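Every chain is numbered from 1, with letters handed out A, B, ... down the list of sequences. The structure presented is a predicted model; accordingly, all values stated were derived computationally and were not measured.
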Amino acid sequence: DAGVTQSPTHLIKTRGQQVTLRCSPKSGHDTVSWYQQALGQGPQFIFQYYEEEERQRGNFPDRFSGHQFPNYSSELNVNALLLGDSALYLCASSLGDYDTDTQYFGPGTRLTVL
Amino acid sequence: AQTVTQSQPEMSVQEAETVTLSCTYDTSESDYYLFWYKQPPSRQMILVIRQEAYKQQNATENRFSVNFQKAAKSFSLKISDSQLGDAAMYFCAYSLGTGANSKLTFGKGITLSVRP
């Protein structure tokens, strides 16, 4: 049973650039959530995708956008990168509107902005 | 807005001993879910245990158990017979439930070290 996968593992960008992170959900899951985890902090919710639409969003600027594909995989895009965007980006998958509220996490993508 | 507070930044436990990690939360809702996640140095966030607020019985998963005090809005994690592999950062998290309410709100985490 394939778990949540994310790519790339690490990424280094410079200020002002754009970045795309990718996530494949756990087998059978249809909902993908993205979180930002700054060093030494708990993850912060960015947004969630379900049925290819953004279902809810946290307190993040419009520079953060996403997409979900028909196979339920997802992308997180960040434009005009700032130094403060350096963080671990976690993807979590779950099963839509069904019983489970439990989210399963991928290993994350470490983004460094120079 | 819901908040989750973990006031102890670090804790240490002797191998084979028991340790309790504290968490408090603030919410005006009556139905919600609480979680403990473990994040080892490998960064993978692993679900340790979950508790549904409408259930009075405390959840247990092998060596892990919780003390859920709904009125006090307290949700502590007890690790029995601590093992070296338990060393990690532990996060307490809250969600309102399924679907559109399933986003997780995390505390700042606590670093647990296990002494051999």
Side-chain angles (χ1 to χ4, degrees), chain A residues 2-6 8-11 21 23 25-26 29-51 53-60 66 87-111, chain B residues 1-10 21-25 27 29 31-55 59 61 75 88-112:
Chain A
V4 180
T5 60
Q6 291 186 244
T9 305
H10 297 91
L11 206 50
L21 310 181
C23 171
K26 180 179 170 65
H29 284 183
D30 58 7
T31 301
V32 173
S33 301
W34 287 92
Y35 294 82
Q36 180 195 65
Q37 185 179 15
L39 195 62
Q41 300 295 315
Q44 298 289 317
F45 175 76
I46 303 175
F47 43 54
Q48 183 182 85
Y49 277 84
Y50 173 68
E51 293 188 341
E53 290 190 358
E54 183 182 292
R55 179 156 67 176
Q56 56 177 324
R57 188 180 183 92
N59 189 25
F60 278 80
L88 179 67
Y89 288 84
L90 296 167
C91 167
S93 73
S94 55
L95 188 54
D97 286 326
Y98 292 87
D99 172 65
T100 181
D101 52 277
T102 303
Q103 297 188 20
Y104 294 86
F105 285 81
T109 294
R110 171 74 65 190
L111 173 64
Chain B
Q2 292 79 23
T3 59
V4 177
T5 302
Q6 295 178 254
S7 56
Q8 307 155 302
E10 297 179 358
L21 311 182
S22 301
C23 172
T24 59
Y25 58 94
T27 182
E29 304 291 336
D31 290 330
Y32 48 87
Y33 297 79
L34 296 165
F35 306 84
W36 279 98
Y37 279 90
K38 169 186 177 182
Q39 188 177 41
S42 67
R43 309 181 323 203
Q44 182 100 35
M45 194 78 77
I46 302 164
L47 177 67
V48 175
I49 200 165
R50 66 189 280 260
Q51 173 78 43
E52 295 147 349
Y54 66 86
K55 289 185 177 180
E61 286 289 341
F75 183 61
M89 199 150 185
Y90 286 81
F91 292 94
C92 178
Y94 164 104
S95 86
L96 273 176
T98 60
N101 291 322
S102 63
K103 75 169 188 177
L104 290 166
T105 300
F106 286 87
K108 289 188 175 182
I110 177 170
T111 301
L112 177 67

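- With sequence neighbours excluded, the residues forming a ring-ring contact (aromatic ring centres under 6.0 Å, His included) with A:Phe105 are A:Tyr35, B:Tyr37, listed by chain and number.
- Neither the backbone nor the side chain of A:Gln6 comes within contact range of chain B; no heavy atom of the residue lies under 4.5 Å from a heavy atom of that chain.
- When each of A:Pro43, A:Gly108, A:Ala92, A:Gly42 is scored by its heavy-atom pairs under 4.5 Å with chain B, the top score falls to A:Pro43.
- Contact annotation for B:Gln6: neither backbone nor side-chain heavy atoms come within less than 4.5 Å of a heavy atom of chain A.
- Ring geometry for A:Tyr49 against A:Phe47 counts as perpendicular: the plane angle is over 60°, on a 0 to 90° scale with 30° as the lower cut.
- A centroid separation of 6.0 Å or more is found between the aromatic rings of B:Tyr32 and B:Tyr54.
- B:Arg50 has a carboxylate O that lies under 4.0 Å from a charged side-chain N of B:Glu52, or vice versa, which qualifies the two as a salt bridge.
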